[in-house]
Each structure stands twice: as structure tokens, then as C-alpha cells.
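Just below is one structure, and these are the notes that go with it.
Order of the sequence lines fixes the chain letters, A, B, ..., with proteins taken first and strands second; residue numbering starts at 1 for each chain. These numbers come from the heavy atoms of this one structure, side chains and all, not from hydrogens, waters or symmetry mates.
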2 protein chains.
Amino acid sequence: MPATPIAGPAIYAVDPWVRGIPKARHQLLSDDERALLAKISSIVRFKKGETIYQEGDAAEAAFNIISGVVTAYRRLADGDHVSSFVYQGDIFGLSEQGCYTNSAKAATAVVAYKIPLSALRRILEQHADLDIDLIIKLCEGLREAQHHALLLARKHAATRLAMFLELLERLQIARGEPAAEIHLPVGRSSIAAYLGLTPASLSRALRTLTSRKIISSRDLRHIRILDRAAFQKVADTNGAGP
Amino acid sequence: MPATPIAGPAIYAVDPWVRGIPKARHQLLSDDERALLAKISSIVRFKKGETIYQEGDAAEAAFNIISGVVTAYRRLADGDHVSSFVYQGDIFGLSEQGCYTNSAKAATAVVAYKIPLSALRRILEQHADLDIDLIIKLCEGLREAQHHALLLARKHAATRLAMFLELLERLQIARGEPAAEIHLPVGRSSIAAYLGLTPASLSRALRTLTSRKIISSRDLRHIRILDRAAFQKVADTNGAGP
DNA sequence: CGTTGATTTGACCCTAATCAACTTAGGTGG
DNA sequence: CCACCTAAGTTGATTAGGGTCAAATCAACG
């Protein structure tokens with residue numbers, strides 16, 4: 001046996017009830033619970049760009065990401081809308097009446113636990129602790145979706161972009177990664193689809209912040225915040241700065 | 001004893017797992033569960049316009065609406081953003097780390113169960129059935145928040161408005177109310193804040209649909225869809241019709 | 001019946017969409 | 001390892017649509 005075997009599914013979240021260090025994310029599942037879930041799940045791998053499931057497909061399983069990033073999106077007549085970027089320790093594969101409500105594709109190479117819903121339901125009926133963990137995680141998902149809506153309600157492209165970068169940075173910190181630089185998990189068009197902008201507008205917003213020396217980008221996937229105060233102002237207010 | 005005493009909190013939702021009649025909403029709680037919850041809750045009343053709690057307040061209780069409509073919103077530097085309209089059978093009062101993440105005010109006169117979180121947590125640890133009901137309801141809330149984000153990502157005011165009316169109609173049907181006419185629970189400015197528009201733009205969007213004979217409004221709170229096909233086209237596509 | 005706040009309308013401005021041309025990045029095969 | 005090829009991203013010119021601010025109308029309430 002290896003020294004650190006994979007213990008089983010892991011759910012990371014901020015506790016909705018307990019007061020603690022701001023945004024302290026922790027592992028919700030105990031070792032026993034992880035082992036329990038491991039017994040009913042299988043490990044699956046997806047190549048970058050691969051479709052995991054599509055909106056409307058019969059939902060047989062939920063997924064828990066071990067590594068990589070998944071894009072959850074909906075296909076519309078006029079292009080895609082990205083609902084969320086799903087990271088390690090997150091869950092995806094929500095269903096409504098037995099069908100997935102959105103599509104999912106691997107934004108990077110992905111390794112995940114695949115948890116059949118039938119088995120999951122059985123376990124949830126038995127183990128109240130597990131239910132509570134799931135409730136906590138769902139609360140977090142709900143808050144994130146509401147944050148997304150808040151972002152989309154902002155009227156200026158630069159504000160939306162700044163809020164998004166702020167979000168990525170927060171997630172990075174919560175994951176314990178270095179946060180000097182913000183890492184973009186996906187390409188421009190996916191970000192634009194998340195922000196409700198066209199790629200062209202996103203590009204311009206990026207240019208605006210860059211030329212104002214508020215941010216700088218090392219390459220297409222790495223952004224650094226140079227002027228925190230100005231950045232915050234763009235993220236918070238709608239009006240353009242002086 | 002009256003013939004139909006108030007049985008206790010009620011949660012209505014669409015089951016995420018079981019396939020059934022499209023969008024069939026039903027009562028999740030059994031009589032026993034409702035009685036159990038009733039024991040720890042109190043009934044509270046709010047006058048129209050009254051603030052129920054504010055973002056950042058210490059969260060001591062969740063609420064379950066018996067009658068009336070509540071507006072959940074966030075206060076921003078440049079006006080309010082409405083996250084959701086909460087109806088009978090819904091729950092509100094989500095928290096993060098012991099604090100409410102948004103504000104809530106009564107859009108109409110409201111009667112609700114107030115459920116202390118401490119007692120709720122205790123019950124949830126015991127009763128796995130109840131947890132599952134809550135999970136189902138949270139899934140529904142998540143889907144709704146994602147739908148809201150989808151709506152806000154649409155670029156045309158008329159499209160957002162149509163999607164919103166569609167939503168209200170769907171909810172009305174789910175509640176078993178007559179759906180010949182769509183009832184708006186709140187005033188224009190709240191709707192605008194939900195749609196990410198200014199009241200002026202909302203007014204114009206309304207006018208556009210009205211003058212194209214797609215909808216008509218009896219008064220400020222009642223709208224009727226005249227041309228279903230055209231309406232659907234506005235809601236679905238982004239491009240303007242001929 | 002008047003007062004107050006909400007809603008509609010108008011004139012103008014400004015931002016992001018559009019469409020298209022151009023450039024860059026990244027992957028492929030020689 | 002480099003040249004090529006394709007998809008992705010950027011940039012420019014133009015336009016449509018919503019924001020803004022202000023005035024006028026309407027509704028609700030006392």
C-alpha cells in the first residue's frame with residue numbers, strides 16, 4: 001500500500017453556521033465518510049476539452065473533482081453561457097427530475113470520482129452527517145451562483161472583470177495556493193461567456209485595466225494586481241474613476 | 001380546534017431525482033416532520049415594506065413563508081440588486097459563517113415560520129429525511145439562482161423581461177394558481193433591480209412588447225401574454241424580430 | 001383633494017455589440 | 001527544432017441599445 005492512498009471523495013467548503021477565520025475552507029468529510037463514499041464511486045478521467053455530460057441527459061451520477069477544472073455551461077441559441085468553473089473538492093452533476101440541467105466539459109485534464117445517484121441516495125438516507133455536509137456545500141454553491149448573478153448585474157465590463165478576478169483570487173487563497181498572481185483556468189472565450197460579455201469586450205476591458213496600470217498579465221493565463229486600491233474601486237463601484 | 005389547523009412549516013419543491021409530470025411541485029415534508037419543526041418555530045408577521053434582516057446581521061434563524069412575498073436583495077453602492085423573490089413554501093435566511101449574506105424585506109404583508117438555527121441544526125443531525133428534503137430544496141434554489149444568472153447574461157432588455165415573465169408564470173402554475181394573467185408581486189423598481197436594468201429601461205422594454213401586441217397589462221401588477229409564439233421568440237433568442 | 005413617491009417618457013450620451021481584419025499562441029508534422 | 005497551420009485572441013470602425021438626467025404623468029394614501 002502506498003503511504004498516502006486516495007482516501008475517497010472530498011468536499012471543501014466554508015461553514016455557513018460556525019464563525020471562524022474569514023472564509024476558512026475545510027474538508028467536510030471524515031475519513032469514515034470518505035471511505036464510505038469511495039466504496040460506491042469509481043474514478044474517471046477526462047481529457048482536456050472532453051464533454052462529460054450534456055444538458056438533458058439522464059442523470060445517473062454526480063461527480064467530485066480530484067484534480068483539474070470543469071466548466072459547467074448551458075448551450076443557447078446565441079452561444080454558450082458558462083454557469084460556473086468547478087474545482088477540486090467541488091461537486092457537479094446537479095439534476096432536475098432525473099436530467100442534468102446543464103452541460104459539463106473538462107477545461108483541463110480532469111480526474112474525478114463518479115458517484116452513482118442511486119447509491120448516493122441510499123447512503124444519504126442513512127447518514128445524517130453526510131447530508132449535513134452536502135447541505136453546507138449546497139449553501140456554498142447557492143451563494144456562488146448568487147454572486148455570479150450579482151456580477152452579471154453590473155453594468156460595466158471592467159467591473160465584471162474585476163469582480164471575477166477577485167473571485168478567482170479568493171478561491172485560490174481558499175485552496176491554499178500562492179495568490180501573488182491570479183491563474184485563469186480557461187481561455188478568454190469561456191471567461192467572456194461567464195461574464196456575459198463578448199470576447200472582444202473582455203479583451204478591451206482587460207486592456208483598459210492594463211493600460212491604467214491596475215493589472216498586468218504575464219501571459220494569457222496569469223494576471224497580477226498592481227494597484228489594489230484602484231482595483232477594488234473598479235470592482236465595487238459602477239462609475240468610472242477619475 | 002379548527003378543522004384545518006396550521007400543520008407547521010411546509011417546503012414545496014420539484015424533485016431533482018424522480019421523473020414525473022414536468023415541474024410537478026409537491027410538499028416535501030410529512031405531517032410528522034412538519035409537527036416536529038412546528039415545535040421549534042414561532043410564527044412571525046411583517047408589514048409590507050418592513051425589513052426582516054440585513055446583510056451582515058448575526059443569523060439566528062431561517063424563515064419559511066406561510067403567506068406573502070419576500071424580496072431578498074443586496075445593497076450596493078449604486079443601488080440595490082434583487083437576488084430573488086421568495087414565495088410561500090420557500091425558505092430564506094441563508095447564512096455564511098453565522099451572518100446573513102443578503103438582506104430581506106417584506107414585499108407584501110408576510111406571515112412566516114421563524115426557525116432558530118440552533119434548534120434546526122439539532123434536528124437535522126437526527127433526522128436524515130429532513131436533511132434530504134432540505135437538500136432537494138437547496139438544489140431547487142441553486143437552479144433558480146443559475147437561471148437568474150442566465151437571465152442576466154442576456155443582452156437585450158426585452159429578452160430579460162420575457163424570461164422573467166416566463167418564470168413568474170411557471171411559478172404561478174406550480175403553485176396551482178390561475179395563469180391566464182401573470183401577477184407581478186412587486187413594483188417596477190424591484191423588478192428592474194432583479195433584471196439588472198434601470199426602471200427607465202424596464203419601462204421601455206415593457207412598452208416595446210406591449211406595442212408589438214405580444215403582451216398587454218391590465219394595471220401595474222397584471223400582465224397577459226397575447227402572442228405566445230412571438231413571446232417565446234423574444235425570450236429565447238437575442239436578436240430582434242423583424 | 002392635495003401631497004408624495006413611483007412610473008413613464010424624452011433627449012442625449014456612452015458603452016458594449018457587431019463585423020471584419022489582423023495578430024498571436026499552440027499544436028502538428030516534417 | 002523549426003515551419004506551418006489552425007484556432008484563439010486582439011484591434012478598429014461602426015452601430016444599436018441601454019444608461020443617465022430631467023421633466024411630466026400617474027397612483028396611492030392620507
Could you list the donor-acceptor pairs under 3.5 angstrom formed between side-chain atoms of residues 163-170 of chain A and any protein atom two or more places apart in sequence or on another chain?
from, atom 1, to, atom 2, distance (Å)
Glu166(A), OE2, Gln232(A), NE2, 2.7
Glu169(A), OE1, Arg228(A), NH1, 3.0
Glu169(A), OE2, Arg228(A), NH2, 2.9

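- Among residues two or more places apart in sequence or in another chain, the side chain to side chain contact (heavy atoms under 4.5 Å, CB included) test is passed with Glu55(B) by Arg74(B), Ser103(B).
- If you measure from atom CG of Leu197(B) to atom C1' of dT7(C), you get 15 Å, rounded to the nearest angstrom.
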Item to check | Sequence-aligned protein contact record of nucleotides 8-13 of chain D, with B where the base is within under 4.0 Å of a protein heavy atom and S where only the sugar-phosphate is | outcome: -SSBBB

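- With sequence neighbours left out, Thr208(B) forms a side chain to side chain contact (heavy atoms under 4.5 Å, CB included) with Arg212(B).
- Remark: C1' of dG17(D) and CZ of Arg160(B) are 11 Å apart, rounded to the nearest angstrom.
- Annotation: salt bridge (Lys or Arg N to Asp or Glu O under 4.0 Å) contacts of Arg160(A) (sequence neighbours excluded): none.
- Spacing between atom NZ of Lys47(A) and atom P of dG27(C) amounts to 15 Å, rounded to whole angstrom units.
- Atom NZ in Lys48(B) sits about 11 Å away from atom P in dA6(C), given to the nearest Å.
- Atom CG in Asp219(B) sits about 18 Å away from atom P in dA6(C), given to the nearest Å.
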Taking only distance into account, with no hydrogens and no angle test, what donor-acceptor pairs under 3.5 Å do side-chain atoms of residues 56-69 of chain B form with protein atoms, sequence neighbours excluded?
from, atom 1, to, atom 2, distance (Å)
Asp57(B), OD2, Gln54(B), N, 3.0
Asn64(B), OD1, Ala10(B), N, 2.9
Asn64(B), ND2, Ala10(B), O, 2.8
Asn64(B), ND2, Asp90(B), O, 3.1

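- Here His156(A) reaches the OP1 or OP2 of dA16(C): one of its side-chain N or O atoms lies under 4.0 Å away.
- Within the 3.5 Å criterion, the main-chain N or O of Ala72(A) finds no donor-acceptor partner in the side chain of Ser84(A).
- Taking atom CG of Leu195(A) as the reference point, atom P of dT15(C) lies 18 Å away to the nearest angstrom.
- Leu152(B) places its CG atom 16 Å from the P atom of dA16(C), with the value rounded to the nearest Å.
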